[in-house]
2 protein chains.
Amino acid sequence: MIPVALFLLDPSATAGADLTEVSARTPLLAATDLAATRGDGIFETIVVVHGRPQAVEAHLDRFARSARLLDLPEPDRDRWRAAVDTVAQRLAAHPRGAVRYVMSRGDEAGDGAPTCWLLGFLPPARPEGGPTPVRVVTLDRGYRSDVAATSPWLLQGAKTLSYAVNMAALREARRRGADDVVFVSTDGLILEGPSSTVISRRGDEFVTPPAELGILPGTTQHDCFSALRAAGRTTHIRELTPDDLISADALWLCSSTRGAAPISRLDDKEITVDTESTTLMNAGLDARRR
Amino acid sequence: MIPVALFLLDPSATAGADLTEVSARTPLLAATDLAATRGDGIFETIVVVHGRPQAVEAHLDRFARSARLLDLPEPDRDRWRAAVDTVAQRLAAHPRGAVRYVMSRGDEAGDGAPTCWLLGFLPPARPEGGPTPVRVVTLDRGYRSDVAATSPWLLQGAKTLSYAVNMAALREARRRGADDVVFVSTDGLILEGPSSTVISRRGDEFVTPPAELGILPGTTQHDCFSALRAAGRTTHIRELTPDDLISADALWLCSSTRGAAPISRLDDKEITVDTESTTLMNAGLDARRR
(Lines give C-alpha, C1' and ligand atoms only; values in the text may rest on other atoms or scores of the structure.)
Protein backbone atom coordinates (compact mmCIF):
# COMPACT_ATOMS: atom_id res chain seq x y z
CA MET A 1 0.00 0.00 0.00
CA ILE A 2 1.15 3.52 -0.81
CA PRO A 3 -0.09 6.33 1.49
CA VAL A 4 -1.25 9.42 -0.42
CA ALA A 5 -3.01 11.71 2.06
CA LEU A 6 -3.58 11.66 5.81
CA PHE A 7 -6.06 13.76 7.78
CA LEU A 8 -6.85 14.07 11.47
CA LEU A 9 -10.53 14.61 12.22
CA ASP A 10 -11.46 16.52 15.37
CA PRO A 11 -15.11 15.72 16.16
CA SER A 12 -15.23 18.57 18.70
CA ALA A 13 -14.27 21.25 16.14
CA THR A 14 -16.70 23.23 14.00
CA ALA A 15 -17.83 21.28 10.93
CA GLY A 16 -15.78 22.52 7.99
CA ALA A 17 -12.81 23.24 10.28
CA ASP A 18 -12.50 19.76 11.74
CA LEU A 19 -10.05 18.24 9.24
CA THR A 20 -6.29 18.82 9.45
CA GLU A 21 -4.00 17.41 6.81
CA VAL A 22 -0.75 15.97 8.12
CA SER A 23 2.13 14.32 6.32
CA ALA A 24 1.29 10.69 5.59
CA ARG A 25 4.82 9.69 6.64
CA THR A 26 4.98 11.65 9.89
CA PRO A 27 4.17 9.87 13.16
CA LEU A 28 0.53 10.50 14.10
CA LEU A 29 -0.23 8.48 17.21
CA ALA A 30 1.01 8.67 20.79
CA ALA A 31 2.56 5.50 22.20
CA THR A 32 -0.35 5.58 24.66
CA ASP A 33 -3.10 5.72 22.05
CA LEU A 34 -5.49 2.84 22.70
CA ALA A 35 -5.47 2.01 18.99
CA ALA A 36 -1.82 1.02 19.33
CA THR A 37 -1.83 -0.50 22.83
CA ARG A 38 -5.19 -2.30 22.90
CA GLY A 39 -6.50 -2.42 19.31
CA ASP A 40 -9.39 -0.53 20.90
CA GLY A 41 -11.14 1.20 18.04
CA ILE A 42 -13.05 0.71 14.80
CA PHE A 43 -12.39 1.25 11.11
CA GLU A 44 -13.73 1.00 7.57
CA THR A 45 -12.01 0.83 4.21
CA ILE A 46 -13.79 2.39 1.23
CA VAL A 47 -12.65 1.87 -2.34
CA VAL A 48 -12.36 5.05 -4.45
CA VAL A 49 -12.78 4.84 -8.23
CA HIS A 50 -11.47 7.92 -10.09
CA GLY A 51 -12.07 10.00 -6.96
CA ARG A 52 -15.56 8.59 -6.29
CA PRO A 53 -15.83 6.77 -2.93
CA GLN A 54 -18.00 3.64 -3.25
CA ALA A 55 -20.79 2.35 -1.00
CA VAL A 56 -20.23 5.28 1.35
CA GLU A 57 -23.61 5.03 3.13
CA ALA A 58 -23.25 1.29 3.74
CA HIS A 59 -19.78 1.85 5.22
CA LEU A 60 -21.10 4.70 7.41
CA ASP A 61 -23.91 2.39 8.60
CA ARG A 62 -21.41 -0.29 9.53
CA PHE A 63 -19.09 2.21 11.23
CA ALA A 64 -22.00 3.41 13.40
CA ARG A 65 -22.90 -0.22 14.23
CA SER A 66 -19.28 -0.95 15.25
CA ALA A 67 -19.24 2.18 17.44
CA ARG A 68 -22.38 0.99 19.24
CA LEU A 69 -20.91 -2.48 19.80
CA LEU A 70 -17.76 -0.94 21.31
CA ASP A 71 -19.57 1.79 23.34
CA LEU A 72 -17.72 4.47 21.38
CA PRO A 73 -19.30 7.90 20.74
CA GLU A 74 -21.78 7.84 17.86
CA PRO A 75 -19.92 9.02 14.74
CA ASP A 76 -21.33 12.25 13.26
CA ARG A 77 -22.45 10.86 9.92
CA ASP A 78 -22.36 14.11 7.94
CA ARG A 79 -18.93 14.99 9.28
CA TRP A 80 -17.43 11.59 8.39
CA ARG A 81 -19.08 11.60 4.94
CA ALA A 82 -17.61 15.04 4.21
CA ALA A 83 -14.21 13.89 5.43
CA VAL A 84 -14.29 10.76 3.25
CA ASP A 85 -15.19 12.95 0.26
CA THR A 86 -12.25 15.26 0.96
CA VAL A 87 -9.78 12.38 1.11
CA ALA A 88 -11.33 10.70 -1.93
CA GLN A 89 -10.82 13.92 -3.93
CA ARG A 90 -7.11 13.59 -3.24
CA LEU A 91 -7.19 10.22 -5.02
CA ALA A 92 -9.00 11.55 -8.11
CA ALA A 93 -5.92 11.13 -10.32
CA HIS A 94 -5.87 7.38 -9.66
CA PRO A 95 -8.24 4.85 -11.26
CA ARG A 96 -8.47 2.95 -7.96
CA GLY A 97 -7.59 4.15 -4.47
CA ALA A 98 -8.99 3.61 -1.00
CA VAL A 99 -9.82 5.53 2.17
CA ARG A 100 -9.31 3.87 5.52
CA TYR A 101 -11.00 5.76 8.32
CA VAL A 102 -10.49 5.02 11.98
CA MET A 103 -11.86 5.99 15.39
CA SER A 104 -9.80 4.83 18.36
CA ARG A 105 -10.86 5.20 21.97
CA GLY A 106 -8.15 7.84 22.27
CA ASP A 107 -4.99 8.49 24.17
CA GLU A 108 -4.88 6.64 27.51
CA ALA A 109 -2.80 9.50 28.92
CA GLY A 110 -4.87 12.18 27.17
CA ASP A 111 -8.21 13.94 27.55
CA GLY A 112 -10.46 10.94 26.89
CA ALA A 113 -11.51 12.08 23.39
CA PRO A 114 -11.41 9.53 20.56
CA THR A 115 -8.58 9.77 18.05
CA CYS A 116 -9.99 9.97 14.51
CA TRP A 117 -8.08 9.83 11.26
CA LEU A 118 -8.52 9.09 7.58
CA LEU A 119 -5.84 7.75 5.26
CA GLY A 120 -6.09 7.89 1.48
CA PHE A 121 -3.89 5.23 -0.10
CA LEU A 122 -3.27 3.15 -3.20
CA PRO A 123 -3.98 -0.54 -2.64
CA PRO A 124 -2.10 -3.20 -4.65
CA ALA A 125 -3.09 -2.80 -8.32
CA ARG A 126 -5.82 -5.11 -9.59
CA PRO A 127 -4.97 -7.06 -12.77
CA GLU A 128 -6.60 -5.85 -16.02
CA GLY A 129 -8.81 -8.93 -16.32
CA GLY A 130 -10.34 -8.48 -12.84
CA PRO A 131 -9.47 -9.89 -9.42
CA THR A 132 -7.01 -12.79 -9.29
CA PRO A 133 -8.57 -16.16 -8.32
CA VAL A 134 -7.73 -17.16 -4.74
CA ARG A 135 -6.94 -20.50 -3.12
CA VAL A 136 -8.74 -20.73 0.20
CA VAL A 137 -8.62 -22.90 3.32
CA THR A 138 -11.39 -23.29 5.86
CA LEU A 139 -10.28 -22.57 9.45
CA ASP A 140 -12.07 -22.97 12.77
CA ARG A 141 -13.05 -19.52 14.15
CA GLY A 142 -13.37 -21.08 17.61
CA TYR A 143 -16.79 -19.49 18.27
CA ARG A 144 -20.33 -20.83 18.02
CA SER A 145 -22.50 -19.11 15.43
CA ASP A 146 -24.67 -17.57 18.17
CA VAL A 147 -22.00 -15.70 20.19
CA ALA A 148 -23.00 -12.29 18.84
CA ALA A 149 -26.34 -12.81 20.61
CA THR A 150 -25.15 -14.65 23.75
CA SER A 151 -21.84 -12.85 24.39
CA PRO A 152 -21.79 -9.36 22.83
CA TRP A 153 -18.53 -8.51 24.64
CA LEU A 154 -16.77 -10.80 22.13
CA LEU A 155 -17.50 -8.03 19.59
CA GLN A 156 -18.31 -10.42 16.76
CA GLY A 157 -19.87 -8.34 13.99
CA ALA A 158 -17.88 -5.21 14.90
CA LYS A 159 -15.05 -4.10 12.62
CA THR A 160 -12.42 -3.43 15.29
CA LEU A 161 -8.70 -2.64 15.15
CA SER A 162 -8.05 -5.94 16.99
CA TYR A 163 -7.26 -7.95 13.87
CA ALA A 164 -4.33 -10.04 15.13
CA VAL A 165 -6.37 -13.26 14.80
CA ASN A 166 -7.37 -12.35 11.24
CA MET A 167 -3.72 -11.73 10.33
CA ALA A 168 -2.64 -15.00 12.00
CA ALA A 169 -5.29 -16.89 10.03
CA LEU A 170 -3.90 -15.45 6.77
CA ARG A 171 -0.38 -16.59 7.77
CA GLU A 172 -1.80 -20.08 8.49
CA ALA A 173 -3.37 -20.06 5.00
CA ARG A 174 0.01 -19.28 3.43
CA ARG A 175 1.63 -22.08 5.45
CA ARG A 176 -0.97 -24.38 3.87
CA GLY A 177 -0.18 -23.15 0.36
CA ALA A 178 -3.29 -20.99 0.09
CA ASP A 179 -4.01 -17.26 -0.25
CA ASP A 180 -6.99 -16.69 1.98
CA VAL A 181 -9.35 -18.11 4.60
CA VAL A 182 -13.00 -18.90 5.16
CA PHE A 183 -13.81 -19.12 8.87
CA VAL A 184 -16.17 -21.85 10.12
CA SER A 185 -18.07 -21.72 13.43
CA THR A 186 -17.70 -24.54 15.97
CA ASP A 187 -21.25 -25.64 15.09
CA GLY A 188 -20.26 -26.04 11.45
CA LEU A 189 -21.53 -22.89 9.72
CA ILE A 190 -19.63 -20.82 7.16
CA LEU A 191 -18.85 -17.37 8.57
CA GLU A 192 -16.64 -14.99 6.55
CA GLY A 193 -13.05 -14.39 5.48
CA PRO A 194 -10.62 -12.40 7.66
CA SER A 195 -11.38 -9.33 5.51
CA SER A 196 -14.05 -10.54 3.09
CA THR A 197 -17.57 -11.92 2.63
CA VAL A 198 -18.33 -15.34 1.09
CA ILE A 199 -20.67 -15.76 -1.90
CA SER A 200 -21.70 -19.18 -3.19
CA ARG A 201 -23.47 -20.00 -6.49
CA ARG A 202 -25.56 -23.04 -7.31
CA GLY A 203 -27.26 -22.80 -10.71
CA ASP A 204 -28.72 -19.28 -10.93
CA GLU A 205 -28.92 -18.85 -7.16
CA PHE A 206 -26.31 -16.86 -5.22
CA VAL A 207 -26.13 -17.18 -1.41
CA THR A 208 -24.22 -15.42 1.39
CA PRO A 209 -24.43 -16.12 5.16
CA PRO A 210 -26.51 -13.86 7.46
CA ALA A 211 -24.88 -11.17 9.64
CA GLU A 212 -26.69 -12.70 12.64
CA LEU A 213 -23.92 -15.31 12.75
CA GLY A 214 -21.65 -12.61 14.20
CA ILE A 215 -20.08 -11.59 10.90
CA LEU A 216 -19.78 -8.22 9.18
CA PRO A 217 -22.56 -7.18 6.82
CA GLY A 218 -20.63 -7.15 3.54
CA THR A 219 -20.83 -3.80 1.75
CA THR A 220 -19.25 -5.21 -1.44
CA GLN A 221 -21.32 -8.40 -1.30
CA HIS A 222 -24.46 -6.24 -1.00
CA ASP A 223 -23.63 -4.38 -4.22
CA CYS A 224 -22.66 -7.63 -5.98
CA PHE A 225 -26.11 -8.99 -5.13
CA SER A 226 -27.73 -5.84 -6.54
CA ALA A 227 -25.83 -6.35 -9.81
CA LEU A 228 -26.81 -10.03 -9.92
CA ARG A 229 -30.50 -9.32 -9.35
CA ALA A 230 -30.45 -6.60 -12.02
CA ALA A 231 -29.18 -9.29 -14.40
CA GLY A 232 -32.01 -11.67 -13.47
CA ARG A 233 -30.17 -13.89 -11.01
CA THR A 234 -31.62 -14.97 -7.64
CA THR A 235 -29.91 -13.95 -4.39
CA HIS A 236 -30.48 -15.24 -0.86
CA ILE A 237 -29.05 -14.64 2.60
CA ARG A 238 -28.97 -18.06 4.24
CA GLU A 239 -26.76 -20.27 6.37
CA LEU A 240 -24.15 -22.32 4.51
CA THR A 241 -22.09 -25.33 5.59
CA PRO A 242 -18.64 -26.42 4.35
CA ASP A 243 -20.44 -29.16 2.36
CA ASP A 244 -22.54 -26.48 0.65
CA LEU A 245 -19.34 -24.74 -0.45
CA ILE A 246 -17.63 -27.92 -1.64
CA SER A 247 -20.63 -28.83 -3.79
CA ALA A 248 -21.23 -25.27 -5.07
CA ASP A 249 -20.91 -24.37 -8.76
CA ALA A 250 -18.74 -21.36 -7.95
CA LEU A 251 -17.48 -19.33 -4.98
CA TRP A 252 -16.20 -15.80 -4.31
CA LEU A 253 -14.62 -13.69 -1.59
CA CYS A 254 -15.76 -10.06 -1.73
CA SER A 255 -14.05 -7.04 -0.21
CA SER A 256 -13.89 -3.33 -0.93
CA THR A 257 -10.40 -3.14 -2.35
CA ARG A 258 -10.42 -6.49 -4.21
CA GLY A 259 -14.00 -6.59 -5.49
CA ALA A 260 -15.44 -10.08 -6.09
CA ALA A 261 -12.48 -12.48 -6.27
CA PRO A 262 -13.28 -15.99 -7.54
CA ILE A 263 -12.18 -18.93 -5.37
CA SER A 264 -10.22 -21.48 -7.41
CA ARG A 265 -9.56 -23.98 -4.62
CA LEU A 266 -11.24 -24.71 -1.29
CA ASP A 267 -9.01 -26.86 0.95
CA ASP A 268 -8.15 -29.81 -1.36
CA LYS A 269 -11.01 -29.29 -3.81
CA GLU A 270 -10.56 -27.44 -7.12
CA ILE A 271 -13.41 -24.96 -7.67
CA THR A 272 -14.50 -23.90 -11.15
CA VAL A 273 -13.86 -20.20 -11.79
CA ASP A 274 -17.09 -18.70 -13.14
CA THR A 275 -15.73 -15.90 -15.31
CA GLU A 276 -19.14 -14.72 -16.51
CA SER A 277 -20.56 -14.11 -13.00
CA THR A 278 -17.23 -12.65 -11.83
CA THR A 279 -17.32 -10.11 -14.65
CA LEU A 280 -20.98 -9.35 -14.02
CA MET A 281 -20.37 -8.63 -10.32
CA ASN A 282 -17.23 -6.54 -10.81
CA ALA A 283 -18.79 -4.57 -13.65
CA GLY A 284 -21.66 -3.81 -11.28
CA LEU A 285 -19.21 -2.63 -8.63
CA ASP A 286 -17.29 -0.46 -11.08
CA ALA A 287 -20.52 1.13 -12.35
CA ARG A 288 -21.50 2.47 -8.91
CA ARG A 289 -21.74 6.24 -8.80
CA ARG A 290 -20.63 6.21 -5.16
CA MET B 1 -1.58 6.47 33.86
CA ILE B 2 1.15 9.10 33.70
CA PRO B 3 3.86 8.65 31.02
CA VAL B 4 7.38 9.32 32.32
CA ALA B 5 9.84 8.17 29.66
CA LEU B 6 9.52 6.78 26.15
CA PHE B 7 12.20 5.01 24.11
CA LEU B 8 12.30 3.60 20.60
CA LEU B 9 14.32 0.39 20.28
CA ASP B 10 15.98 -0.35 16.94
CA PRO B 11 16.80 -4.09 16.89
CA SER B 12 19.01 -3.60 13.82
CA ALA B 13 21.30 -1.05 15.52
CA THR B 14 24.45 -1.90 17.47
CA ALA B 15 23.69 -3.00 21.02
CA GLY B 16 24.27 -0.01 23.29
CA ALA B 17 23.24 2.40 20.50
CA ASP B 18 19.82 0.89 19.86
CA LEU B 19 17.75 3.01 22.25
CA THR B 20 16.52 6.51 21.38
CA GLU B 21 14.64 8.55 23.91
CA VAL B 22 11.71 10.52 22.53
CA SER B 23 9.21 12.80 24.22
CA ALA B 24 6.51 10.72 25.88
CA ARG B 25 3.86 13.18 24.62
CA THR B 26 5.05 13.39 21.00
CA PRO B 27 3.38 11.20 18.37
CA LEU B 28 5.44 8.04 17.84
CA LEU B 29 3.57 5.82 15.42
CA ALA B 30 2.67 6.17 11.76
CA ALA B 31 -1.03 5.90 10.89
CA THR B 32 0.01 2.81 8.92
CA ASP B 33 1.75 1.03 11.79
CA LEU B 34 0.20 -2.40 12.15
CA ALA B 35 -0.03 -1.89 15.93
CA ALA B 36 -2.59 0.85 15.29
CA THR B 37 -4.42 -0.58 12.28
CA ARG B 38 -4.50 -4.31 13.10
CA GLY B 39 -3.50 -4.69 16.77
CA ASP B 40 -0.77 -6.83 15.22
CA GLY B 41 1.95 -7.01 17.83
CA ILE B 42 2.84 -8.15 21.33
CA PHE B 43 3.55 -6.50 24.66
CA GLU B 44 4.43 -6.99 28.31
CA THR B 45 3.99 -4.76 31.35
CA ILE B 46 6.60 -5.00 34.11
CA VAL B 47 6.13 -3.40 37.51
CA VAL B 48 9.10 -1.35 38.77
CA VAL B 49 9.66 -0.95 42.53
CA HIS B 50 12.04 1.90 43.44
CA GLY B 51 13.70 1.51 40.03
CA ARG B 52 13.92 -2.31 40.19
CA PRO B 53 11.96 -4.06 37.41
CA GLN B 54 10.22 -7.19 38.75
CA ALA B 55 10.02 -10.69 37.27
CA VAL B 56 12.02 -9.54 34.25
CA GLU B 57 13.06 -13.01 33.08
CA ALA B 58 9.51 -14.38 33.30
CA HIS B 59 8.25 -11.43 31.26
CA LEU B 60 11.04 -11.92 28.68
CA ASP B 61 10.08 -15.62 28.47
CA ARG B 62 6.48 -14.74 27.82
CA PHE B 63 7.39 -12.04 25.28
CA ALA B 64 9.44 -14.62 23.33
CA ARG B 65 6.54 -17.09 23.49
CA SER B 66 4.11 -14.44 22.18
CA ALA B 67 6.55 -13.61 19.34
CA ARG B 68 6.65 -17.29 18.32
CA LEU B 69 2.85 -17.55 18.37
CA LEU B 70 2.58 -14.47 16.11
CA ASP B 71 5.50 -15.40 13.78
CA LEU B 72 7.32 -12.21 14.80
CA PRO B 73 11.14 -12.05 14.85
CA GLU B 74 12.61 -13.60 17.99
CA PRO B 75 13.26 -10.76 20.47
CA ASP B 76 16.95 -10.33 21.35
CA ARG B 77 16.70 -11.14 25.03
CA ASP B 78 19.81 -9.25 26.20
CA ARG B 79 18.86 -6.19 24.22
CA TRP B 80 15.32 -6.06 25.63
CA ARG B 81 16.56 -6.72 29.17
CA ALA B 82 19.04 -3.84 28.91
CA ALA B 83 16.32 -1.59 27.51
CA VAL B 84 13.91 -2.46 30.34
CA ASP B 85 16.66 -1.66 32.84
CA THR B 86 17.29 1.73 31.22
CA VAL B 87 13.63 2.69 31.39
CA ALA B 88 13.27 1.32 34.92
CA GLN B 89 16.15 3.56 36.03
CA ARG B 90 14.10 6.54 34.92
CA LEU B 91 11.42 5.48 37.42
CA ALA B 92 13.84 5.13 40.36
CA ALA B 93 12.40 8.18 42.14
CA HIS B 94 8.98 6.52 42.36
CA PRO B 95 8.04 3.76 44.79
CA ARG B 96 6.00 2.02 42.09
CA GLY B 97 6.18 2.48 38.33
CA ALA B 98 5.82 0.24 35.31
CA VAL B 99 7.45 -0.41 31.94
CA ARG B 100 5.27 -1.42 29.02
CA TYR B 101 7.29 -2.78 26.12
CA VAL B 102 5.89 -3.46 22.70
CA MET B 103 6.88 -5.06 19.39
CA SER B 104 4.50 -4.40 16.50
CA ARG B 105 4.79 -6.00 13.08
CA GLY B 106 5.85 -2.59 11.82
CA ASP B 107 4.72 0.03 9.37
CA GLU B 108 2.57 -1.39 6.58
CA ALA B 109 3.95 1.30 4.27
CA GLY B 110 7.50 0.98 5.64
CA ASP B 111 10.48 -1.32 5.35
CA GLY B 112 8.94 -4.38 6.99
CA ALA B 113 10.93 -4.06 10.24
CA PRO B 114 9.06 -4.38 13.54
CA THR B 115 8.35 -1.19 15.50
CA CYS B 116 9.67 -1.56 19.05
CA TRP B 117 9.14 0.82 21.95
CA LEU B 118 9.22 0.96 25.73
CA LEU B 119 7.18 3.30 27.88
CA GLY B 120 7.95 4.01 31.53
CA PHE B 121 4.83 5.21 33.35
CA LEU B 122 3.17 5.60 36.72
CA PRO B 123 0.14 3.33 37.12
CA PRO B 124 -2.77 4.34 39.39
CA ALA B 125 -1.44 4.49 42.97
CA ARG B 126 -2.08 1.42 45.11
CA PRO B 127 -3.71 2.07 48.49
CA GLU B 128 -1.43 1.88 51.57
CA GLY B 129 -3.11 -1.28 52.88
CA GLY B 130 -2.52 -3.22 49.66
CA PRO B 131 -4.65 -3.82 46.55
CA THR B 132 -8.34 -2.87 46.74
CA PRO B 133 -10.75 -5.85 46.80
CA VAL B 134 -12.52 -6.35 43.47
CA ARG B 135 -16.04 -7.43 42.54
CA VAL B 136 -15.90 -9.86 39.66
CA VAL B 137 -18.32 -11.35 37.14
CA THR B 138 -17.78 -14.54 35.17
CA LEU B 139 -18.16 -14.09 31.41
CA ASP B 140 -18.18 -16.60 28.55
CA ARG B 141 -14.89 -16.36 26.57
CA GLY B 142 -16.62 -18.08 23.64
CA TYR B 143 -13.76 -20.57 23.13
CA ARG B 144 -13.32 -24.20 24.18
CA SER B 145 -10.45 -24.80 26.60
CA ASP B 146 -8.52 -26.72 23.91
CA VAL B 147 -8.37 -24.06 21.16
CA ALA B 148 -4.72 -23.22 21.81
CA ALA B 149 -3.92 -26.79 20.71
CA THR B 150 -6.52 -27.21 17.94
CA SER B 151 -6.52 -23.71 16.44
CA PRO B 152 -3.25 -21.86 17.14
CA TRP B 153 -4.21 -19.04 14.74
CA LEU B 154 -6.68 -17.86 17.43
CA LEU B 155 -3.53 -16.78 19.34
CA GLN B 156 -4.87 -17.85 22.74
CA GLY B 157 -1.95 -17.73 25.15
CA ALA B 158 -0.22 -14.89 23.27
CA LYS B 159 -0.20 -11.41 24.81
CA THR B 160 -1.16 -9.43 21.72
CA LEU B 161 -2.12 -5.79 21.14
CA SER B 162 -5.58 -6.99 20.01
CA TYR B 163 -7.27 -6.42 23.37
CA ALA B 164 -10.61 -4.97 22.22
CA VAL B 165 -12.48 -8.02 23.56
CA ASN B 166 -10.71 -7.72 26.92
CA MET B 167 -11.67 -4.05 27.14
CA ALA B 168 -15.29 -4.81 26.13
CA ALA B 169 -15.48 -7.48 28.84
CA LEU B 170 -14.37 -4.92 31.44
CA ARG B 171 -17.09 -2.52 30.24
CA GLU B 172 -19.64 -5.37 30.55
CA ALA B 173 -18.42 -5.94 34.13
CA ARG B 174 -19.02 -2.27 34.97
CA ARG B 175 -22.50 -2.47 33.43
CA ARG B 176 -23.15 -5.35 35.85
CA GLY B 177 -21.92 -3.33 38.84
CA ALA B 178 -18.58 -5.13 39.06
CA ASP B 179 -14.92 -4.15 38.63
CA ASP B 180 -13.39 -7.06 36.78
CA VAL B 181 -13.95 -10.32 34.92
CA VAL B 182 -13.08 -14.00 35.09
CA PHE B 183 -13.45 -15.64 31.68
CA VAL B 184 -14.97 -19.14 31.44
CA SER B 185 -14.47 -21.53 28.49
CA THR B 186 -17.49 -22.94 26.65
CA ASP B 187 -16.73 -26.31 28.23
CA GLY B 188 -16.99 -24.80 31.69
CA LEU B 189 -13.41 -24.21 32.83
CA ILE B 190 -12.09 -21.10 34.56
CA LEU B 191 -9.60 -19.31 32.29
CA GLU B 192 -8.19 -15.91 33.38
CA GLY B 193 -9.13 -12.26 33.75
CA PRO B 194 -8.79 -9.79 30.84
CA SER B 195 -5.43 -8.69 32.32
CA SER B 196 -4.95 -11.00 35.31
CA THR B 197 -4.52 -14.56 36.58
CA VAL B 198 -6.96 -16.29 38.94
CA ILE B 199 -5.85 -17.84 42.25
CA SER B 200 -8.24 -19.87 44.44
CA ARG B 201 -7.69 -21.01 48.04
CA ARG B 202 -9.32 -23.93 49.82
CA GLY B 203 -7.86 -24.55 53.27
CA ASP B 204 -4.08 -24.32 52.91
CA GLU B 205 -4.13 -25.20 49.22
CA PHE B 206 -3.82 -22.52 46.51
CA VAL B 207 -4.73 -23.36 42.89
CA THR B 208 -4.44 -21.59 39.52
CA PRO B 209 -5.50 -22.93 36.09
CA PRO B 210 -2.89 -24.36 33.67
CA ALA B 211 -1.57 -22.31 30.71
CA GLU B 212 -2.53 -25.22 28.43
CA LEU B 213 -6.09 -23.88 28.52
CA GLY B 214 -4.94 -21.09 26.17
CA ILE B 215 -4.27 -18.53 28.90
CA LEU B 216 -1.20 -16.49 29.74
CA PRO B 217 1.31 -17.97 32.17
CA GLY B 218 0.93 -15.50 35.05
CA THR B 219 4.23 -13.89 36.03
CA THR B 220 2.74 -12.34 39.19
CA GLN B 221 0.83 -15.52 40.09
CA HIS B 222 4.10 -17.45 39.76
CA ASP B 223 5.83 -15.23 42.30
CA CYS B 224 2.78 -15.31 44.61
CA PHE B 225 3.01 -19.11 44.58
CA SER B 226 6.72 -18.92 45.47
CA ALA B 227 5.88 -16.70 48.46
CA LEU B 228 3.09 -19.05 49.54
CA ARG B 229 5.30 -22.14 49.36
CA ALA B 230 8.05 -20.37 51.32
CA ALA B 231 5.44 -19.82 54.04
CA GLY B 232 4.48 -23.50 54.09
CA ARG B 233 1.34 -23.37 51.95
CA THR B 234 0.58 -25.86 49.19
CA THR B 235 0.23 -24.68 45.56
CA HIS B 236 -1.15 -26.51 42.56
CA ILE B 237 -1.74 -25.82 38.87
CA ARG B 238 -5.01 -27.53 38.07
CA GLU B 239 -8.27 -26.98 36.20
CA LEU B 240 -10.99 -25.09 38.09
CA THR B 241 -14.73 -24.76 37.43
CA PRO B 242 -17.07 -21.89 38.38
CA ASP B 243 -18.40 -24.15 41.18
CA ASP B 244 -14.85 -24.50 42.52
CA LEU B 245 -14.60 -20.71 42.72
CA ILE B 246 -18.00 -20.24 44.34
CA SER B 247 -17.14 -22.78 47.06
CA ALA B 248 -13.54 -21.54 47.56
CA ASP B 249 -12.38 -20.04 50.87
CA ALA B 250 -10.80 -17.06 49.08
CA LEU B 251 -10.01 -15.80 45.57
CA TRP B 252 -7.57 -13.36 43.94
CA LEU B 253 -6.81 -11.72 40.61
CA CYS B 254 -3.07 -11.20 40.09
CA SER B 255 -1.40 -8.79 37.70
CA SER B 256 1.90 -6.95 37.51
CA THR B 257 0.69 -3.48 38.35
CA ARG B 258 -1.99 -4.46 40.89
CA GLY B 259 -0.27 -7.35 42.64
CA ALA B 260 -2.62 -9.93 44.24
CA ALA B 261 -6.04 -8.27 44.54
CA PRO B 262 -8.59 -10.14 46.68
CA ILE B 263 -11.98 -10.87 45.12
CA SER B 264 -14.83 -9.71 47.38
CA ARG B 265 -17.72 -10.82 45.18
CA LEU B 266 -18.08 -13.36 42.38
CA ASP B 267 -21.30 -12.79 40.39
CA ASP B 268 -23.95 -12.73 43.15
CA LYS B 269 -21.86 -14.47 45.81
CA GLU B 270 -19.96 -12.54 48.51
CA ILE B 271 -16.43 -13.91 48.89
CA THR B 272 -14.49 -13.64 52.15
CA VAL B 273 -11.43 -11.40 51.82
CA ASP B 274 -8.47 -13.32 53.25
CA THR B 275 -6.30 -10.48 54.49
CA GLU B 276 -3.54 -12.71 55.84
CA SER B 277 -2.88 -14.52 52.55
CA THR B 278 -3.25 -11.26 50.61
CA THR B 279 -0.58 -9.64 52.76
CA LEU B 280 1.65 -12.70 52.50
CA MET B 281 1.50 -12.71 48.69
CA ASN B 282 1.98 -8.98 48.22
CA ALA B 283 4.83 -8.89 50.73
CA GLY B 284 6.45 -11.64 48.71
CA LEU B 285 6.00 -9.61 45.53
CA ASP B 286 7.42 -6.45 47.10
CA ALA B 287 10.44 -8.38 48.43
CA ARG B 288 11.57 -9.47 44.96
CA ARG B 289 14.99 -8.18 44.04
CA ARG B 290 13.94 -8.05 40.38
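Throughout, a chain's letter reflects where its sequence line sits, starting with A, and its residues are numbered from 1. Everything numeric here is computed off the predicted structure, so don't read it as measured data.
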Between A:Asp71 and B:Arg174, is the closest basic N to carboxylate O distance under 4.0 Å? no
Side chain, backbone, both or neither of A:Leu170 within contact of chain B (heavy atoms, under 4.5 Å): neither
Which one wins on heavy-atom pair count under 4.5 Å against chain B: A:Ala30, A:Ala168, A:Ala164? A:Ala164
Can you tell me which portion of B:Met167 sits under 4.5 Å from chain A's heavy atoms? Options are side chain, backbone, both or neither. side chain
Part of B:Glu108 within contact of chain A (heavy atom distance under 4.5 Å): both
Which residue out of A:Pro27, A:Gly39, A:Ala24 racks up the most heavy-atom pairs below 4.5 Å with chain B? A:Pro27
Considering only heavy atoms, which portion of B:Asp107 lies under 4.5 Å from any heavy atom of chain A: side chain, backbone, both, or neither? side chain
Heavy-atom cut-off 4.5 Å, strictly under: side chain, backbone, both or neither for A:Tyr143 against chain B? both
Quick one: which of A:Asp140, A:Thr186, A:Val147 has the most heavy-atom pairs under 4.5 Å with chain B, could you say? A:Asp140
Contact class of A:Ser151 relative to chain B, heavy atoms under 4.5 angstrom: side chain
If one checks every heavy atom of A:Ile2 against chain B at 4.5 Å, the contacting part turns out to be neither
Are any of the side-chain heavy atoms of B:Leu139 and A:Trp153 separated by less than 4.5 Å? yes
Bottom line for B:Leu154: the part with an atom under 4.5 Å from chain A's heavy atoms is both
Chain B contact via A:Arg25 - which portion, at a heavy-atom distance below 4.5 Å: side chain
Which bit of A:Leu161 is near chain B, if near means a heavy-atom gap under 4.5 Å: side chain, backbone, both or neither? both
